[in-house]
Amino acid sequence: MQDEQIKPNFEFVALMASLMSIVALTIDAILPAMADIGIAINSLDPTQNQLLVTMIFLGLGVGQLFFGPLSDSLGRKPIVYFGFIIFFIASIICLVAPNLEIMLIGRILQGIGLSAPRTISISIIRDTYRGDYMAKIMSFVTAFFILVPVVAPAIGKAVMGFTGWQGIFYLQLFFALVVGVWFYKRQEETLHPAYKVPFSFKVFARGTKEIFKYKETVSCTIISGLITGSFLVYLSSAQHVFEDLYGLTDTFPYVFAGLALSVGLSTLMNGTLVLRFGMRNLSFMALLAFTVIAMTYSLLFFNSNDPSITVLLIFLSLLFLCLGFIWGNMRSIAMEPIGHIAGIGAAITGFVSTILSIPISIFVGSFIEDSVWALFLGLGTCGFLSIILFLAFKTRPLFASNRAFSS
């Protein structure tokens, strides 16, 4: 069903982007409401409430491990419907949760449910197009996806002002319902019956065994987990840092949006620069800069008060500029030698990196109470370990020649 001649229409791109964007809306829209949610469920420890953000990633990691292979067996559309059903049930659990433990169950289930549209949207694009058109669609979808974290906290805060924190979950349900109906009405099944593969747990065993043959794939998967984990520390503690420690209750959504734009800018820049310098060279230099920036902050403000908000934002902006050159390139390097098992390979590597990121986030986040210093030390430590792994298991020399720039 792949086509290199028919140009993708705007509706298809918008629908695929919407399927992926529900994830970002579900994660980021509740950030301004974390304190209010904590009060409602009798959880007043901000470090514990960070789990409301972190645990959804556990669901995303587990869900994608199964929904990808299941869609190869049952088709794309049934899996998306099943994911939406889980998400609706999970959202109701969050709305009626009497305590933190029950709400965490709801957030994990939200992640499991949303892993279906997030994963299957990529499969649908891959089923339908190839070559330059596929790359173009993915660029548009990614650009749209990046915009959601920019506006989600502001939307969440606006909704909360009229309806309370519960309105944010109702908004998520409404958006999911609209996208689900849109998907049902306008998107055809893209997996041809001839290409359906019977589901088997042996697939995971064979895929895992195959992946461990490639040391660079394993190292880049671990690096993705380390960097994602360090970013999750920021994401889960952002409300506490900006509202509680810096008193930016009213301007928090705008500060968060500005920092998200840093990631978006570098992601767009990476699409151009990677063709010139090569993904290994770019990702290594970004890892190096990421580590130096985080460690510089850790040394400058060791055993002292937090700096002004201006200084903090400068350091965070520089760090987030690095992320856009790390995430996509690390995933591409990891997938490069396992193209022959791309589907299960993407599921397993995505699962491993996500699951690895969660304990990192929980551990480092537990130290962010009265100061942001632990955040930067955690970022720097993850970056330093990533550099060691990258240099130890790289398969090609860095900056060897101009030919390497196109690798």
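- Residue Tyr246 qualifies as enclosed at atom OH: its count of foreign heavy atoms under 6.0 Å is above 12.
- Dense packing is recorded around CZ of Phe88, with more than 12 heavy atoms of other residues, nucleotides or ligands lying under 6.0 Å away.
- In this structure, the separation between CD1 on Ile112 and CD1 on Ile89 is 11.5 Å, given to the nearest 0.5 Å.
- Annotation: side chain of Leu51 is not in contact with side chain of Met103 (no heavy-atom distance under 4.5 Å).
- The only option from Gln172, Gln110, Arg107 that meets the side chain to side chain donor-acceptor pair (under 3.5 Å) definition with Ser91 turns out to be Gln110.
- In this structure, Phe363 and Val233 have side chains that are not in contact, with every pair of non-hydrogen atoms separated by 4.5 Å or more.
- Atom OG of residue Ser236 and atom CG of residue Leu31 lie 9.0 Å apart, to the nearest 0.5 angstrom.
- With contacts defined as side-chain heavy-atom distances shorter than 4.5 Å, the pair Leu259/Tyr234 qualifies.
- Taking every heavy atom of both residues into account, Ile124 and Met16 meet most closely at CG2-SD, 3.9 Å.
- Without hydrogens or angle criteria, Glu189 side chain to Lys77 main chain gives a donor-acceptor distance under 3.5 Å.
- Minimum heavy-atom separation, Leu191 to Arg76: CD1-NH2, 3.7 Å.
- Ring orientation note: the planes of Phe284 and Phe390 are close to parallel, at an angle under 30° on the 30°/60° scale.
- Side-chain contact check for Leu44 versus Ile39: some heavy-atom pair is nearer than 4.5 Å.
- A donor-acceptor contact shorter than 3.5 Å links the side chain of Gln64 to the backbone of Gly350.
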Show, in sequence, the C-alpha distance, side-chain angles and deciding distance for Trp165 and Met34, and conclude whether the side chain to side chain contact (heavy atoms under 4.5 Å, CB included) test is met. CA-CA 9 Å; Trp165 65 267; Met34 295 279 278; over 6 Å; no
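- Results of the side chain to side chain contact (heavy atoms under 4.5 Å, CB included) test with Phe290 over Leu323, Leu318, Leu321 single out Leu323 as the only residue that passes.
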Practice item. Begin with the C-alpha distance, continue with both residues' side-chain angles, and end with the deciding distance and a verdict on side chain to side chain contact (heavy atoms under 4.5 Å, CB included) for Leu273 and Phe325. Key: CA-CA 9 Å; Leu273 296 178; Phe325 296 105; 4.0 Å; yes
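- Separating the OG atom in Ser317 from the CG atom in Leu312 is a distance of 9.0 Å, to the nearest 0.5 Å.
- Considering CG of Asp72 and CZ of Phe67, their distance stands at 13.5 Å, rounded to 0.5 Å.
- The two residues Ser237 and Ile368 make their nearest non-hydrogen contact at OG-CD1, 3.8 Å.
- Of the possible donor and acceptor atoms, one in the side chain of Ser357 sits under 3.5 Å from a partner among the backbone N and O of Thr354.
- Taken from CG in Leu389 to NZ in Lys215, the straight-line distance is 12.5 Å, to the nearest 0.5 Å.
- Residues Phe384 and Thr381 are not in side-chain contact: their nearest non-hydrogen atoms beyond the backbone lie 4.5 Å or more apart.
- Between Thr249 and Glu243 the shortest heavy-atom distance is CA-CG, 3.8 Å.
- Within the 4.5 Å cutoff, the side chain of Leu248 has no heavy atoms near those of the Tyr254 side chain.
- Note that the CG atom of Leu109 and the CD1 atom of Ile92 stand 12.5 Å from one another [nearest 0.5 Å].
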Exercise. Could you give me the CA-CA distance, side-chain angles and deciding distance for Leu19 and Phe84, then say whether side chain to side chain contact (heavy atoms under 4.5 Å, CB included) is met?
Key: CA-CA 10 Å; Leu19 287 172; Phe84 276 129; 4.0 Å; yes
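- Using a 4.5 Å heavy-atom cutoff, the side chains of Val197 and Ser73 are not in contact.
- In plain terms, the two heavy atoms of Leu100 and Ser43 that are nearest each other are CD2-OG, 3.7 Å.
- Pairing each heavy atom of Leu300 with each of Phe315, the nearest pair is CD1-CZ, 4.0 Å.
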*Residue pair Ile333, Ser283: steps toward the side chain to side chain contact (heavy atoms under 4.5 Å, CB included) verdict*: CA-CA 10 Å; Ile333 296 171; Ser283 55; 3.8 Å; yes
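- Between the side chains of Asp127 and Thr190, a donor-acceptor pair is found at a separation under 3.5 Å.
- Using a 4.5 Å cut-off on side-chain heavy atoms (C-beta onward), Tyr214 and Glu336 make no contact.
- Ring pair Tyr297/Phe301 is tilted by interplanar angle, where 30° to 60° counts as tilted.
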